[in-house]
Amino acid sequence: MKEQLQALEKEALEKVDDATSLKELQDVRVAYLGKKGPITEVLRGMGKLSKEERPVIGELANKVRGNIADAIDSKKASIEAAELEKQLEEETIDVTLPGRPVPTGGPHLLTSIVEEIEDLFIGMGFEVSEGPEVETDYYNFEALNLPKGHPARDMQDSFYITEEILMRTHTSPVQARTMNAMEDKRPVKMICPGKVYRRDTDDATHSHQFTQIEGLYVDKNVRMSDLKGVLDRFAKQMFGQEREIRLRPSFFPFTEPSVEMDISCKVCNGEGCSVCKQTGWIEILGAGMVHPRVLEMAGYDPKVYSGFAFGMGPERIAMLKYGVDDIRHFYTNDMRFLKQYHQA
Ligand code: FA5
């Protein structure tokens, strides 16, 4: 029985030694020290032993059990330590790894161009104003010398909401609003950027919703040459000295005389393409001297005051500046297009 116990001890200690996980170790504990294990079995058969043998075998059995239990405990401690070590190693942060890039947004090309134009005019002493996109027939047309039934209303096909309310077709109503709001009828020098809406058919240069920037300068002795000077300076700063400009006589009911300004097409260098409709020129703004009727309706005495106004399309300006061949790119918001213009 003594040999049997010693053999059991040897066998159990070897298994403890071989165990590589807490689960294996627990299996060894159950197998050798459990109620149905061989040592308990030996102890159960003690009754058959002689009086002399009983204490010796009893002591040995307890010793063997103690040795196996100690071995299991110390192995358990070493497996736990190894597992902790492994976990710590796995959780170590490698500070030398390159960071994951965080995608950043940027202003839309149209926002950038509007801000660039604003800065340019602020530099010439203009203030930035705002007006509503849902406008009354009065401000959109009547206050601009376009009474009901005037044939020139057809120049701008409109989205009407009621008979008297419409989506503004241009930013010119802000001219009348600004002058009306000026109670002491002081000089006005403002620009107004904003969205406008027309029942135009979308094509490479037309959109049913687009942006305009209005300009208005009213003071004593404002002349056509002032308008030319401001537009010339704007065009040179925006497009560079090499672009050509031309002013064509035109007609707007709210300006007299009226002009349209074209810039030589940068996309084809004046040779003709889809952007300039094969003409080599692209129209970017309408302008003129504020009509005396418009000044009068807004409470300014046309014998004392004179002024100029202009309205430009920033989409067309961005198209020229960056060689964009279709106005619809501004609204379809394809990130591959927009990202080209992020300056970050
Ligand atoms: C006007 O809207 C006048 N209110 C401009 C004006 C203001 C004249 C002050 C005199 C004094 P016009 O319809 O031509 O004018 O439009 C002005 C500019 O807006 C055009 O030169 C063009 O650059 C742009 N534009 C016009 N229609 C569209 C469209 N459908 N899509 C994109 N841009 C357009």
Side-chain angles (χ1 to χ4, degrees), residues 111 114-115 117-148 150 152-153 155-156 158-198 209-224 226-227 229-231 234 252-258 285-314:
T111 309
V114 168
E115 282 174 2
I117 296 170
E118 278 178 13
D119 283 350
L120 239 149
F121 282 101
I122 288 169
M124 290 190 255
F126 286 77
E127 283 177 16
V128 181
S129 293
E130 274 187 6
E133 285 174 31
V134 178
E135 188 51 283
T136 58
D137 185 272
Y138 176 78
Y139 278 117
N140 197 80
F141 291 128
E142 283 186 44
L144 296 169
N145 201 25
L146 273 151
K148 287 207 166 73
H150 194 293
R153 283 191 177 210
M155 286 164 78
Q156 301 177 0
S158 326
F159 289 110
Y160 272 92
I161 294 168
T162 67
E163 263 194 27
E164 291 304 320
I165 295 174
L166 71 162
M167 301 305 291
R168 68 177 172 193
T169 54
H170 51 175
T171 42
S172 298
V174 186
Q175 287 185 33
R177 282 185 174 274
T178 309
M179 287 191 282
N180 264 4
M182 207 65 95
E183 280 180 12
D184 52 2
K185 304 301 163 198
R186 273 180 289 125
V188 175
K189 202 173 182 187
M190 70 89 187
I191 56 160
C192 164
K195 291 196 194 91
V196 301
Y197 304 82
R198 284 186 200 178
Q209 181 228 289
F210 59 102
T211 318
Q212 279 194 341
I213 297 182
E214 192 77 10
L216 175 70
Y217 179 31
V218 176
D219 203 342
K220 289 172 184 152
N221 300 319
V222 177
R223 289 167 303 213
M224 187 79 180
D226 295 314
L227 171 65
V230 165
L231 293 182
F234 158 73
F252 297 102
F254 33 93
T255 48
E256 182 57 40
S258 303
L285 61 84
M289 299 307 290
V290 182
H291 197 288
R293 274 284 297 138
V294 174
L295 287 172
E296 212 167 51
M297 277 189 278
Y300 281 79
D301 182 352
K303 290 194 195 75
V304 181
Y305 284 100
S306 56
F308 68 69
F310 57 84
M312 63 177 78

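All values reported here derive from a predicted model rather than from experimental measurement.
- By the 4.5 Å heavy-atom criterion applied to side chains, Tyr300 and Met182 are counted as neighbours.
- A salt bridge links Lys148 to Glu142: one of the charged nitrogens lies within less than 4.0 Å of a carboxylate oxygen.
- In this structure, the separation between CD on Gln175 and CG on Asn180 is 11.5 Å, given to the nearest 0.5 Å.
- Between Glu133 and Tyr197, the closest heavy-atom pair is OE1-OH, 2.5 Å.
- Of all heavy-atom pairs between Ala298 and Met179, the closest is CB-CB, 3.5 Å.
- Taking NZ of Lys189 as the start and CZ of Phe126 as the end, the distance is 5.0 Å to the nearest 0.5 Å.
- Contact annotation: the side chain of Val128 approaches that of Pro193 to within less than 4.5 Å [non-hydrogen atoms, C-beta and beyond].
- Counting heavy atoms from C-beta on, the side chains of Arg198 and Phe210 come closer than 4.5 Å.
- The minimum heavy-atom distance linking Ser172 with Leu144 is given by the pair CB-CD1, 3.6 Å.
- The CG atom of Leu166 lies 8.0 Å from the OG1 atom of Thr136; values are rounded to the nearest 0.5 Å.
- In summary, Arg177 and Glu135 engage in a salt bridge, as defined by a charged side-chain N under 4.0 Å from a carboxylate O.
- Closest approach of Met312 and Phe234 over heavy atoms only: SD-CZ, 3.6 Å.
- In summary, the aromatic rings of Phe254 and His170 are positioned with their centroids under 6.0 Å apart.
- Within 6.0 Å of the CG atom in Asp301, the count of heavy atoms belonging to other residues, nucleotides or ligands exceeds 12.
- Nearest heavy-atom pair across Ser129 and Met190 is OG-CB, 3.8 Å.
- Enclosure of atom CD in Gln209 by more than 12 non-hydrogen atoms of other residues, nucleotides or ligands within 6.0 angstrom is indicated.
- Around the CD atom of Glu183, the shell of radius 6.0 Å holds no more than 12 heavy atoms that belong to other residues, nucleotides or ligands.
- Tested against Arg153 for a side chain to side chain donor-acceptor pair (under 3.5 Å), the candidates Asp137, Thr169, Asn140 yield a single pass: Asp137.
- Looking at heavy atoms from C-beta onward, Leu231 lies in side-chain contact with Leu227 at the 4.5 angstrom threshold.
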